[in-house]
Student: 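Mind looking over this structure? Questions follow.
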Amino acid sequence: MTARHDVVVIGGGLVGASLAIALEDSGLDVAMVEAAPAAAMPAVFDERNLSFAEATIHALTALGVMQRLRAPTGAITRIHASRRGDFGRVLLEAADYGRAAFGQVVVARDFGEALESRLAGVAGLVRHRGARFTGFGLDDNGHRVLELAGDGPSRLRARLVVAADGMHSGVREALGITATRHDYGQVLMLARLRAARAPDGTAYERLGDDGPTALLPRGDRAWGLVHGVATADAAAVQALDDAGFLARVQDAFGWRIGRLLSVGPRSAYPAVAMRADDTIAPRAVLVGNAAQSIHPVGAQGFNLGLRDAMTLAESLSACARGDGDPGDPALLAAYAARRREDRSRTLDFSDGLARLTANPGRGASLLRSAGLVALAALPGLQASVVGGAMGYRGDVPDACRAEAVR
């Protein structure tokens with residue numbers, strides 16, 4: 001007999017797991033299909049540094065996840081942005097906006113452990129671990145039949161399928177939803193490093209022709225590095241010894257935190273953006289990186305995906321209270337409409353920033369410099385940028401507001 005569920009979430013990573021937790025008290029029968037076996041963590045929970053916006057912290061606190069972090073987080077109390085070769089800079093202080101911090105830096109591995117701890121206590125959640133989605137069918141009621149491979153059942157029936165299976169989503173492909181991709185020609189090197197100066201709450205973004213060099217204040221008194229290199233140079237940079245790599249980063253970033261002293265293991269990720277042409281289909285919805293994947297400049301990727309999850313959970317919980325159908329076309333259309341402004345503005349901002357900041361032309365340099373000067377001088381413009389960076393664009397889900405955690 002094929003198990004039936006109201007909602008099946010495909011993908012147990014950052015966004016999928018957060019959605020499953022958010023649906024705990026919805027009254028819906030929820031299952032999650034996870035590729036990682038029970039004894040392993042999803043690969044996404046590695047040493048990379050995640051920058052949680054204020055709205056994200058509110059939501060994860062309301063879900064009971066932030067409280068389960070065992071490692072200290074790093075508060076971002078100040079943002080310093082500049083570009084090599086251009087004049088002007090932007091310095092934003094959280095205190096100027098009545099905030100103790102703009103956000104927090106969390107190591108993905110620590111976040112994964114906190115999510116897993118919280119998931120273990122979610123009442124009623126059925127987890128199919130070590131299972132992989134392979135295709136769709138339909139039953140006589142028009143509900144989705146999911147074909148699975150690996151451990152557990154080979155089929156599940158769902159009134160709603162949520163694709164949270166990443167940028168290379170097999171669910172999106174099976175739904176026939178097309179996507180637009182853009183390769184920025186950059187590879188991003190991530191690592192933990194130490195410098196002469198320990199973090200003081202400042203998040204640095206130093207932009208260059210080959211992408212950003214960002215240093216984020218971690219909670220363990222080290223810096224979280226993101227260093228962009230041209231794709232053509234990536235193999236050579238990866239082959240550098242620690243001293244050579246530190247010298248390269250020092251040259252790109254400068255001496256704002258003194259000499260760079262040591263660097264941990266490095267990982268590399270290509271900078272590729274993807275935007276699904278639709279986020280809904282009959283009895284299906286895309287969230288997180290399955291719906292959109294963006295350049296990390298500005299650190300908006302997970303924050304945007306979490307707002308997808310929280311908005312969907314809000315919509316589904318309201319539907320369940322009214323004994324409605326979670327796969328109702330009107331409900332999915334309303335969800336997509338709620339997400340449209342935030343999604344469009346965040347994607348356009350991230351893409352525009354990535355393209356402009358990496359353009360080496362003199363005209364672009366003058367435009368960037370003028371923009372930095374204007375942003376530094378105009379409080380109203382700063383407030384708009386800061387509000388978006390903290391997660392307050394468009395129709396913000398209730399859980400992302402401070403009132404949700406009081």
Side-chain angles (χ1 to χ4, degrees), residues 43-44 46-51 80-90 108 166-168 179-193 195 203-216 223-257 259-260 262-275 289 292-301 347-369 371-372:
V44 70
D46 56 16
E47 288 298 318
R48 79 188 75 185
N49 304 285
L50 304 173
S51 181
H80 183 290
S82 62
R83 191 190 189 280
R84 188 177 186 180
D86 295 351
F87 64 86
R89 65 166 190 169
V90 175
M167 184 171 72
H168 305 292
T180 302
R181 289 178 171 80
H182 177 74
D183 188 334
Y184 292 98
Q186 302 167 7
V187 172
L188 304 171
M189 308 282 178
L190 280 63
R192 173 180 178 272
L193 61 78
Y204 291 97
E205 188 101 44
R206 180 70 166 165
L207 306 166
D209 292 351
D210 297 330
T213 296
L215 286 170
L216 303 175
W223 295 91
L225 169 71
V226 180
H227 177 54
V229 304
T231 301
D233 300 331
V237 174
Q238 284 180 289
L240 291 172
D241 61 15
D242 286 355
F245 182 75
L246 284 171
R248 178 189 172 91
V249 174
Q250 188 92 66
D251 181 63
F253 180 74
W255 295 82
R256 292 166 186 79
I257 58 173
R259 183 175 297 279
L260 306 183
S262 64
V263 63
R266 293 168 250 158
S267 53
Y269 301 88
V272 178
M274 183 282 301
R275 185 185 307 209
N289 282 350
Q292 65 274 318
S293 179
I294 63 179
H295 194 290
V297 65
Q300 290 297 301
L347 291 178
D348 290 346
F349 176 80
S350 175
D351 180 64
L353 189 61
R355 291 176 189 257
L356 180 62
T357 55
N359 189 329
R362 177 168 174 76
S365 175
L366 292 173
L367 181 60
R368 281 190 302 264
S369 296
L372 288 172

Student: Going by the rule side chain to side chain donor-acceptor pair (under 3.5 Å), which residues pair with R48 if we only count those two or more places apart in sequence or in a different chain?
Tutor: D46, Y269

Student: Mind checking what makes side chain to side chain donor-acceptor pair (under 3.5 Å) contact with N289, not counting sequence neighbours?
Tutor: none

Student: Is there side-chain contact between V226 and N49, with at least one heavy-atom pair below 4.5 Å?
Tutor: no

Student: Minimum heavy-atom separation for R206 to A252, with atom names?
Tutor: CG-O, 3.5 Å

Student: Mind checking the CD-CG spacing from Q186 to D210? Nearest 0.5 Å is all I need.
Tutor: 7.0 Å

Student: So does L260 get a backbone contact from the side chain of Q250, meaning a donor-acceptor N/O pair under 3.5 Å?
Tutor: yes

Student: Under the side-chain contact (heavy atoms from CB on, under 4.5 Å) test, which residues partner R275, sequence neighbours left out?
Tutor: R343, L347, D348

Student: Can you measure from OG1 (T213) to CZ (F253) and round to the nearest 0.5 angstrom?
Tutor: 8.5 Å

Student: What is the minimum heavy-atom distance between V229 and M189, and which atoms define it?
Tutor: CG2-CE, 3.8 Å

Student: So, for G228 and L188, which heavy atoms are closest and what is the spacing to 0.1 Å?
Tutor: CA-CD2, 3.8 Å

Student: Hey, what do you get for CZ (R192) to OG (S267), rounding to the nearest 0.5 Å?
Tutor: 13.5 Å

Student: Hey, what do you get for CE (M167) to CZ (R181), rounding to the nearest 0.5 Å?
Tutor: 6.5 Å

Student: Show me, pair by pair, the donor-acceptor contacts under 3.5 angstrom made by side chains of residues 233-242, not counting sequence neighbours?
Tutor:
| from | atom 1 | to | atom 2 | distance (Å) |
| --- | --- | --- | --- | --- |
| D241 | OD1 | A243 | N | 3.4 |
| D241 | OD1 | G244 | N | 2.7 |
| D242 | OD1 | R266 | NH2 | 3.1 |

Student: Which residues satisfy the side chain to side chain donor-acceptor pair (under 3.5 Å) test with S293, sequence neighbours excluded?
Tutor: none

Student: With sequence neighbours left out, write down each residue that passes side-chain contact (heavy atoms from CB on, under 4.5 Å) with A273, or none if nothing qualifies.
Tutor: Y184

Student: Specify the closest pair of heavy atoms between P212 and L207, including all atoms of both residues, with the distance to one decimal.
Tutor: CB-CD2, 3.9 Å

Student: Once you round to the nearest 0.5 Å, how far does NE2 of H80 lie from CD of E205?
Tutor: 11.5 Å

Student: Considering non-hydrogen atoms only, spot the tightest contact between G264 and A191 and give its length.
Tutor: O-CB, 4.2 Å

Student: At their closest point, which heavy atom of A271 faces which heavy atom of D183, and how far apart are they?
Tutor: O-OD1, 3.7 Å

Student: Ring-plane angle category for H227 and F245, please: parallel below 30°, perpendicular beyond 60°, tilted otherwise.
Tutor: perpendicular

Student: Sequence neighbours left out, what passes side chain to side chain donor-acceptor pair (under 3.5 Å) with D251? Give chain and number order.
Tutor: R84

